[in-house]
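No experiment lies behind these values; they were computed from the predicted model shown. Values reported hereafter were calculated over all heavy atoms of this structure, with side chains retained and with hydrogens, waters and symmetry mates removed. Each chain gets a letter, A, B and so on, in the order its sequence line appears, and its residues count up from 1.
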Number of protein chains: 2
Amino acid sequence: MVAPPPPRVRRSAGDRRAQLVAIGLELLPATPVQELTIDEVARRAGISRSLLFHYFASKRDYYTAVTRAAADVLLEHLSPRPGVPADEQAAGMLERYVGWVETYRDAHLSFVRGAAAGDPWVAEVYEETREQLVDLTLGALGLPDDPRRRQLVRAWFAFTEDLVDQWVREPTLDRAELVALLRTFLDRLLV
Amino acid sequence: MVAPPPPRVRRSAGDRRAQLVAIGLELLPATPVQELTIDEVARRAGISRSLLFHYFASKRDYYTAVTRAAADVLLEHLSPRPGVPADEQAAGMLERYVGWVETYRDAHLSFVRGAAAGDPWVAEVYEETREQLVDLTLGALGLPDDPRRRQLVRAWFAFTEDLVDQWVREPTLDRAELVALLRTFLDRLLV
DNA sequence: CGCTCGTGTTGAGCACTGCTCAACAGCCGT
DNA sequence: ACGGCTGTTGAGCAGTGCTCAACACGAGCG
C-alpha cells in the first residue's frame, strides 16, 4: 500500500522556473545553503533532479537566482513610496525595514547575511543589493554620493541589521526609540 | 617515476590534533567551508581521511574546533595589555583591531562573519566570541553592562567590522580619523 | 486521421565527499 | 621476546551534484 505517484504535470518553461524559484524562497530562510539539497527541491516540485538542472546549470546557479529574487522582494518593499514628501522618505524606509524584520525574524539574517556565506557568486549578489540600498538611502536623504559617504552608509546598514535583529529578540527600547536612534546615528554620520 | 610516498610519521595525539587545527587555520581564511574538503586537509597533513575522523567526530566538529582556535587568537590579540592606564585600553584595542584587519585583509571577514555561515554550530562559536568581545570592550571602558548597552556594543561591532573592512580596500580617511570616528561613535552610543 | 517535430521530462549512472569499520603497525613496559 | 595499547590505514557504503541519451506528449502539417 503505497501512496500513488502524483500525476505528472507538464508546465511551460517560464512557469517551471518560477515555481522552482518560489520553492527556493520558501526554503532559503529555514535552511542553510549546504543543507539545501537539489533532491529536496525537486521532490517538492514533484519533478526529477535532472529537470532542475535543465533550468539551472548548477546548484550555485539555482541558488543565486533564488537569492536575487529574495533581494528583489526586499528592495521593492523598501523602495520609496510615490506621493510621500521627500523629507519623510527616509523615516518611512526605516519603519518599513523594522517591520520587515519583525515579520521575518529568523529569516532576516539568512536573507541578508547568511546568503553571502561560502559562495563568492552569491556574495556578489548581496554586494549588488547593498549598493542599491545605499543608492536608495542617499536618494531618500537627498545627499550626493561620494565614496566616503557610501562607506559610512554601508557600515550603518551593518549596524542597523545587527541592532534590529537583536532588538526583535529582546526589545530593550521602544520601537519608536529604536527608529529614532537609528535615524539620529545616520544623520550624525553623514554631516 | 612517481614521487616516493612520504615517510609515515607517528605523532602523539596532542601533536596531531594541533597540527590538524593549524592546517585548518591556514586554509580557513582562503576557502569557503563547503569547499574545504576533509581529503585536502588529510592530504596536507600527510595522513588518511580516516585518521582525521579519529580525532574529530565529523567535519562540523573539526570546523568548529578550527573556528574556535581562530577566535582565541583574535581575542588574545585584542585583550587588554597589562600596565596600560585604564582610560587608554579602549584606544589600544581599536588600534590593534585595525592593525589586525590590515594584516589579514581578505581573511578578516571570513574569520569573523563567514564562519557563521550555514552551520548553526559554528554560528554559536561566533556568538560566544562576540559576547566575549563585548565583555572586553565594556571592561576597557569601565562601564557596567546592562542588556541595552550590550546590544549597542554588539551592533557597533558590526558597524566597525564592516567599515574597517571597506576602509582597508579603499581608504577614504586617514587611519587616525578612522579610529577617532569609531571611538566617537561608540562613546555617543553609550552615553 | 496519422505522422513528425519540438520541447518538457525522466532514469540510469559517474565522480566525489563525508563517514564507518575492521584490521594493521609500531612503541611501551614487563 | 612478547602482549597490549594506541596511532594509523584501506576498503567500502551512502548521499549529493551533475551528465547524457532516451522518452512522452502536445502542436502543427499533409
Q: Taking only the side-chain nitrogens and oxygens of A:Arg16, find out if one of them lies under 4.0 Å from OP1 or OP2 of C:dT9.
A: yes
Q: Let me know the distance between CZ of A:Arg49 and C1' of C:dG13, rounded to the nearest Å.
A: 10 Å
Q: Does the distance from a Lys or Arg side-chain N to an Asp or Glu carboxylate O, for A:Glu124 and A:Arg68, drop under 4.0 Å?
A: no
Q: Under 4.0 Å between a side-chain nitrogen and a carboxylate oxygen: does that hold for A:Glu127 and A:Arg130?
A: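 Here A:Glu127 does not pair with A:Arg130 in a salt bridge, since their nearest N and O are not under 4.0 Å apart.
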Q: Check the distance between C:dC24's P and B:His54's NE2 and give it to me in whole angstrom.
A: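 Rounded to whole Å, this separation is 18 Å.
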Q: Tell me: NZ of B:Lys59 to C1' of C:dC16, nearest whole Å?
A: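 These atoms are roughly 12 Å apart.
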Q: Taking all non-hydrogen atoms of both residues into account, name the closest pair between A:Leu163 and B:Gln151 and its distance.
A: CD1-O, 4.0 Å
Q: Whole-Å distance between D:dG7 C1' and B:Leu20 CG?
A: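 Checked: the CG to C1' distance equals 12 Å.
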Q: How would you list, by chain and number, every residue that makes a ring-ring contact (aromatic ring centres under 6.0 Å, His included) with B:His54, sequence neighbours excluded?
A: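 B:His54 satisfies ring-ring contact (aromatic ring centres under 6.0 Å, His included) with no residue once adjacent residues are dropped.
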Q: Rounded to whole Å, how long is the line connecting atom CG of B:Asp39 with atom C1' of C:dC19?
A: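 Nearest whole value for this atom pair: 12 Å.
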Q: D:dG10 base to B:Ser50 side chain: any donor-acceptor pair below 3.5 Å?
A: yes
Q: Looking across every strand, which nucleic acid part, if any, lies under 4.0 Å from A:Leu52 by heavy atom: base, sugar-phosphate, or nothing?
A: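 The answer is nothing, as A:Leu52 stays clear of every strand by at least 4.0 Å.
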Q: Nearest whole angstrom, please: distance from the P of C:dC16 to the CD1 of A:Ile38.
A: 19 Å
Q: Provide the closest heavy-atom pair for B:Arg81 versus B:His77 in the form atom of the first, atom of the second, distance.
A: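 Taking every non-hydrogen atom into account, NH2-O, 3.2 Å.
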Q: Looking at B:Tyr55, does any N or O in its side chain come under 4.0 Å of the phosphate oxygens OP1/OP2 on D:dT8?
A: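 Yes, within the criterion.
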Q: Please report, rounded to the nearest Å, how far the C1' atom of D:dC13 is from the CZ atom of B:Phe53.
A: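 Roughly 13 Å, once rounded to whole Å.
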Q: Which is true for A:Leu51 with a 4.0 Å heavy-atom rule: it touches a base, it touches only sugar-phosphate, or it touches nothing?
A: base
Q: Which whole-number value in Å describes the distance from B:Ile47 CD1 to D:dG7 C1'?
A: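 These atoms are roughly 10 Å apart.
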Q: What contact category does A:Arg11 fall into here, base, sugar-phosphate, or nothing, at under 4.0 angstrom with non-hydrogen atoms?
A: sugar-phosphate
Q: For a quick test of reading the model: is some side-chain N or O of A:Tyr62 closer than 4.0 Å to OP1 or OP2 of D:dG17?
A: no
Q: Could you tell me whether B:Ser48 contacts a base, only the sugar-phosphate backbone, or nothing, with contacts defined as non-hydrogen atoms closer than 4.0 Å?
A: base
